[in-house]
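Contents: one structure, followed by commentary.
A note on names: the letters A, B, ... follow the listed sequences, proteins ahead of strands, and every chain is numbered from 1. For clarity, every value in this text was computed on a predicted model and none was experimentally measured.
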2 protein chains.
Amino acid sequence: MRRAHHPATGELSLPEVMAALSDPLRIGLVRVLADGAERGWGELRAPVAKSTLSHHLRVLRDAGVTRTRQEGTRCFVTLRRQDLDERFPGLVGALLEAAGAENVGSGVYLAPGADSTAACP
Amino acid sequence: MRRAHHPATGELSLPEVMAALSDPLRIGLVRVLADGAERGWGELRAPVAKSTLSHHLRVLRDAGVTRTRQEGTRCFVTLRRQDLDERFPGLVGALLEAAGAENVGSGVYLAPGADSTAACP
DNA sequence: TTCGTTGTTCGTCGAATATCGAACAAGCTA
DNA sequence: TAGCTTGTTCGATATTCGACGAACAACGAA
């Protein structure tokens with residue numbers, strides 16, 4: 001598991017962020033992370049193969065939408081809400097509101113019983 | 001020149017709109033149209049072949065971001081700001097603000113001397 | 001050390017995208 | 001009618017994207 005690259009706040013690219021947020025599955029991931037809690041990779045459920053899920057998380061990470069932290073063999077993901085709001089004020093909020101109203105990305109959810117406080121037992 | 005298809009307000013798809021707004025050139029087009037004025041196709045200047053420009057305008061139109069009106073052999077384009085705001089409140093505003101701050105899509109501009117009031121002489 | 005768990009990476013596939021020039025169609029205009 | 005203007009459409013390429021299974025790497029546990 002190679003060290004993941006995270007763009008600095010100042011390096012965020014608007015087109016790249018928009019592209020990252022143009023896939024229903026990735027929108028679903030952002031919605032799941034929208035409460036600001038850190039989530040374990042294993043908590044995330046989506047109707048795709050795990051290699052595909054890894055791909056989508058990588059796209060989000062490379063665009064600077066999420067941050068991945070590694071702990072042992074596990075990964076924890078958070079939404080970079082503050083960084084995004086700093087560079088693109090209101091964008092993520094508008095997206096989340098619209099996605100909620102349209103129920104975009106509803107195929108993504110958290111593993112039943114998973115709790116943000118139990119992410120690191 | 002076939003009759004263009006415009007999705008109804010209720011048919012707008014968030015992922016499709018996001019994808020349409022993830023290209024720098026298309027963001028530039030939206031910026032040029034952001035003042036709400038109707039612009040003639042011929043006023044639009046972008047560093048691509050006209051067939052490519054036609055393609056990008058079609059992507060925007062098909063996603064419901066712009067509306068195209070035909071008058072004789074000419075086309076006039078407007079931003080569907082109201083429809084977009086109705087479905088995705090704040091999204092276009094946040095995009096425009098961010099794009100302005102980052103100067104995204106600056107390769108797109110209006111033909112010198114073109115005026116919104118002179119679009120239909 | 002030997003497993004088992006956990007994500008990532010690789011190779012591949014089909015579909016979609018961006019781009020260009022050329023050909024085309026529709027409507028003015030001479 | 002014959003041309004001119006204006007966009008659109010058509011191939012043709014090259015690139016990228018989303019998806020999958022399989023292989024791999026890193027770490028903890030037995």
Side-chain angles (χ1 to χ4, degrees), chain A residues 1-6 13 15-29 38-63 65-78 105 107-108 111 114 119-121, chain B residues 1-6 13 15-29 38-63 65-78 105 107-108 111 114 119-121:
Chain A
M1 283 189 259
R2 204 170 303 164
R3 178 56 70 226
H5 171 68
H6 292 91
S13 149
E16 194 174 352
V17 168
M18 293 294 290
L21 298 177
S22 69
D23 184 281
L25 198 145
R26 292 196 291 262
I27 291 176
L29 288 169
E38 184 175 56
R39 300 294 181 179
W41 208 104
E43 293 180 69
L44 303 173
R45 293 287 180 275
V48 291
K50 70 173 183 172
S51 57
T52 304
L53 180 56
S54 181
H55 161 69
H56 284 299
L57 284 168
R58 179 195 174 96
V59 172
L60 289 172
R61 192 177 59 223
D62 287 353
V65 175
T66 60
R67 189 184 304 282
T68 296
R69 181 175 66 88
Q70 195 165 346
E71 188 176 304
T73 78
R74 295 197 188 173
C75 292
F76 297 93
V77 189
T78 51
V108 182
C120 311
Chain B
M1 283 191 258
R2 205 169 302 165
R3 180 56 70 227
H5 169 67
H6 291 91
S13 148
E16 194 174 351
V17 168
M18 292 295 290
L21 299 177
S22 69
D23 184 281
L25 198 145
R26 291 196 291 261
I27 292 176
L29 289 168
E38 184 174 58
R39 299 295 181 178
W41 208 104
E43 294 179 69
L44 303 173
R45 295 287 180 274
V48 291
K50 69 172 183 173
S51 56
T52 303
L53 180 57
S54 181
H55 161 69
H56 285 297
L57 284 169
R58 179 196 174 96
V59 171
L60 289 172
R61 191 177 59 222
D62 287 353
V65 175
T66 60
R67 189 183 304 282
T68 295
R69 180 175 66 88
Q70 194 166 346
E71 188 175 304
T73 79
R74 295 197 189 174
C75 292
F76 297 92
V77 189
T78 51
V108 182
C120 310

| said: According to side chain to side chain contact (heavy atoms under 4.5 Å, CB included), who are the partners of A/V48, at least two apart in sequence or on a separate chain? | reply: A/L25, A/A46, A/T52, A/L53
| said: Rounded to whole Å, please give me the gap between CZ in B/R69 and P in C/dG27. | reply: 15 Å
| field | Side-chain N,O (B/W41) to OP1/OP2 (D/dT8) below 4.0 Å | value | yes
| remark: A/S51 meets the side chain to side chain contact (heavy atoms under 4.5 Å, CB included) criterion, sequence neighbours left out, with A/A49
| Within this structure, what is the CG-to-P distance between B/L44 and D/dT8, rounded to whole angstrom? | 11 Å
| request: Starting from P on D/dT6, measure out to CZ on B/F76 and report it in whole angstrom. | output: 11 Å
| field | Set of residues satisfying salt bridge (charged side-chain N to carboxylate O under 4.0 Å, His left out) with respect to B/R67, sequence neighbours excluded | value | B/D83
| field | Between D/dG18 (P) and A/D62 (CG): distance, integer Å | value | 12 Å
| query | At their closest point, which heavy atom of B/S22 faces which heavy atom of A/P15, and how far apart are they? | reply | O-CB, 3.4 Å
| What integer distance in Å separates B/E43:CD from D/dT5:P? | 18 Å
| query | How about B/L60 and B/L29: do any of their side-chain heavy atoms sit closer than 4.5 Å? | reply | yes
| Counting just side-chain N and O atoms, does A/R58 come under 4.0 Å of either OP1 or OP2 of C/dT9? | yes
| Nucleotide nearest B/S54 (side chain, heavy atoms from C-beta), chosen from C/dA26, C/dT8, D/dT9 | D/dT9
| said: From CD of B/Q70 over to P of C/dC28, roughly how many Å is that when rounded to an integer? | reply: 10 Å
| query | OP1 or OP2 of C/dG7 less than 4.0 angstrom from a side-chain nitrogen or oxygen of A/R61, does that happen here? | reply | no
| message | In this structure, how many angstroms lie between the C1' atom of D/dG28 and the CD atom of A/E71, rounded? | response | 12 Å
| Those residues that, when tested against B/R58, pass salt bridge (charged side-chain N to carboxylate O under 4.0 Å, His left out) (two or more places apart) | B/D62
| message | Output one letter per nucleotide in nucleotides 16-21 of chain C: B when a protein non-hydrogen atom lies under 4.0 Å from the base, S when only the sugar-phosphate is that close, - when neither is. | response | --SBBB
| Under the side-chain hydrogen bond (donor to acceptor under 3.5 Å, both in side chains) test, which residues partner A/H56, sequence neighbours left out? | A/R26
